[in-house]
Amino acid sequence: MAFLDLAPATRASGSVRLPGSKSISNRFLLLAALAQGETCIRDLLLSDDTERMLEALKALGIDWQRQGSEFCVRGAGGFFPVKQAELFLGNAGTAFRPLTAALAFGDGHYRLSGVARMHERPIGDLVEALRQLGADIRYLGNDGFPPLEIRPAAIVAGGRVRVRGEASSQFLTALLMALPLTGKGATIEVAGELISKPYIDMTLNLMARFGVAVDREGWREFRIPAGARYVSPGTVTVEGDASAASYFLAAGAIGGGPVRVEGAGRDSIQGDVRFAEALQAMGARIEVGANWIEARAPVDGRLQAIDLDCNHIPDAAMTLAVVALFAEGTTRLTHIASWRVKETDRIAAMATELRKLGAQVEAGADYIAVSMPRSEPAAAVSRLCSEPAAAVSRGLTFVPHASIDTYDDHRMAMCFSLACLGGVPVRINDPACVSKTFPDYFERFLSLLAPVIAIDGPSASGKGTVAALVAEKLGFHYLDSGALYRLVALAALRAGVALDDGEALARIAETLPAVFEGRRILLDGEEVGTAIRSEACSAGSSRVAAFAAVRAALLGRQRAYRQSPGLVAEGRDMGSVVFPEAPLKVFLTATAESRAERRYKQLIEKGMSANIDTLLQDLRERDARDSARPVAPLQKCADAELLNTTAMTVDEAVAWVIERVRQRLPQAAAHS
Ligand code: DC
């Protein structure tokens, strides 16, 4: 099982564009499949759960195509065309439950299964309700749980159906979405208390967009009119995921901020946008726009514990359990029994992992209470106002190096990433589980903790000098990625490895015994700062850099440089490959003639002999090789700013970059 080590951090700021909402994506896909006409879905979430739904729809005879950034689904205008299928739905509850209901009415023979955990997640309440209408559904494993077999059956016309509302609102959602297929209308009665009501609101809202208006009486009774049928509204857009927003907003509240999420805001139909209110109740400063939300730490840096009924934000509430570590007092989250039947038993998992960080946790059937012991030094208080983010971590007694298990639960992994803001290193086991809903979560999260300034450009453009000075001014870490390629070339030359033997070079790159200590560069303990700048290493590095396997071997090492409070990374592909989410990218260049002249002066100053024509020709050859190679060629990214230093001094170039940092990353510049 792989792991991800998060370095200690204290500050978080920046902005994040949210991935599409999982709940809306899978609802749109199913509604589009059942509707008459073609629906094009914009900003669909691409993740494990939506892939399971897309695969299932294809297996059921639904034609969908990816067209650029849209998914276009040709609806069946009723039941699924394929009458016999075996569907594997992974751990996607948002696919399993509504498909069960839609297939139960579909006059076909189907088997539905998932991963082992899906077979432990109850579905009896939904099956019971469907059986009341005449559906023929059998349990293939344990009673009340998937896998299921569905056979053709005569469905009772109209009538009433009762469903329990206490375990999961997804059962009611499944019934609501599937019942229009019968064309006969029906009344659903909710037995017991309905949990997670905002998700039902979302279901009704989306059904209405597809032409089916449901009458509801409070949260007890829902009437689907006879003759109701889904009709495509044409093009629809998926909102950003409000549950995913919770991690970033929490980072802003803990780590100073401001952190802005874009893609969900005041106009959102997702209940989890109300997570921001919970953060506000803890003292965070929140601003909300139509399509964005922004969070900052409290003015005095001190988050306060809350006592909250979380029925309305079941998923985002998990995030509060981790924010509780940073708050003064004991946070009690109640009405969260549904956590026990999610991807894992989330109450038990949360309690176990929070304790690893040093928290005091009390957990019950439907609540969790969390507090973090403190040892606040009195002197810290006077500094609070000027340094809210740092103050939050001060006095907290996080256990360093906790190794957090994630239980194949994306939300556990995302929640616990916040713990590194306690100023301690944290290990997240199996970080890839975030791909259920948010495949590139960690890149985006880290970009708030440690923003990257990517400076790319051709050889001898002066980007190294500029990048190192910018890093110094900002107090950021510095990565000279070219030095890594030079080190590979040097190690290869020394070991007698041919520079055209890609495999052998990749092996060298994987185990490169290189250490950077301030300005010193060590290979196997020997200082090689001068050796790697030799003409042989310069030419050799551009040859080894052309091998994809070498580049792949160095990727993780380069990304590990991104640590709080930030990184200035320079090279050829910093903005395009290594840190594509960098909030500031600069393409720094100068004419080949002026670069050759600068290099010439440097060499002469060092007392070395040089010929300017040869230097110019070498540079042109290296430019051509770096730009023409098929992997990660030197190029200006569309979102990079061009800095031509031909007529600039080093100081002017540094000032130019710092000014861009001020505009794009005011927080980073403020701490310079
Ligand atoms: O920046 P530099 O001159 O020290 O780089 C040495 C060589 O390494 C250069 O010819 C291209 C290659 N390189 C690369 O391919 N990708 C990077 N990110 C950095 C350097």
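Note that ligands are numbered from 1 as they come in the structure, with each ligand's atoms numbered from 1 the same way. Numbers for residues simply follow the sequence, beginning at 1.
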Contacting atoms of ligand 1, where contact means under 4.0 angstrom from a heavy atom of K463: 1 (O)

Which atom pair, heavy atoms only, marks the closest approach of R52 to G90? CD-N, 3.7 Å

Which atoms of ligand 1 have any heavy atom of R622 under 4.0 Å away? 3 (O), 9 (C), 10 (O)

Salt-bridge test for R296 and E294: reply yes if a basic N is under 4.0 Å from a carboxylate O, no otherwise. yes

Cationic tip of R66 above W64 ring, under 6.0 Å, 45° of axis: no

Nearest-contact summary for atom 20 (C) of ligand 1 - protein heavy atom, Å: G482 CA, 3.5 Å

Please list, chain by chain and in numerical order, all residues satisfying side chain to side chain contact (heavy atoms under 4.5 Å, CB included) with V322, sequence neighbours excluded. L325, M350, L354, C415, F416, L418

Just which atoms of ligand 1 are under 4.0 Å from any heavy atom in M574? 18 (N)

Please state which protein non-hydrogen atom is closest to atom 8 (O) of ligand 1 and give its distance, to 0.1 Å? Y485 CB, 3.5 Å

In terms of side-chain geometry, is the basic nitrogen of E472 or R519 positioned less than 4.0 Å from the acidic oxygen of its partner? yes

What residue and heavy atom of the protein are closest to atom 1 (O) of ligand 1, and at what distance? R572 NH1, 2.8 Å

Students should be able to answer this: which protein heavy-atom is nearest to atom 4 (O) of ligand 1, and at what distance? R486 NE, 2.7 Å

With distance as the sole test, does K463 use its side chain to make a donor-acceptor pair with the main-chain N or O of A467 at under 3.5 Å? no

Taking the six-membered ring for Trp, are the ring centroids of Y441 and F248 within less than 6.0 Å of each other? yes

Hey, does P431 have a side-chain heavy atom less than 4.5 Å from the side chain of T406? no

So which heavy atom in the protein is nearest atom 7 (C) of ligand 1, and how far is it from that ligand atom? S541 OG, 3.2 Å

Out of curiosity, is R629 lining ligand 1, as in a heavy atom under 4.0 Å away? yes

Atoms of ligand 1, numbered as shown, that sit under 4.0 Å from any heavy atom of D626: 9 (C), 10 (O), 11 (C)

Please write down residue, atom name and distance for the protein heavy atom closest to atom 16 (N) of ligand 1. R551 NH2, 2.9 Å

Candidates A467, A545, S459, A569; heavy atom nearest atom 12 (C) of ligand 1 found on A545

Name the closest protein heavy atom to atom 19 (C) of ligand 1, giving the residue it belongs to and the distance to 0.1 Å. S481 OG, 3.4 Å

Considering the options D49, D408, D48, which one meets the salt bridge (charged side-chain N to carboxylate O under 4.0 Å, His left out) requirement together with K436? D49

Under 3.5 Å, N or O to N or O, is D573 touching ligand 1 that way? yes

Can a salt bridge be assigned to the pair K473 and D651 using a cut-off of 4.0 Å between side-chain N and carboxylate O? no

For ligand 1, which atoms have a heavy atom of S542 less than 4.0 angstrom away? 10 (O)

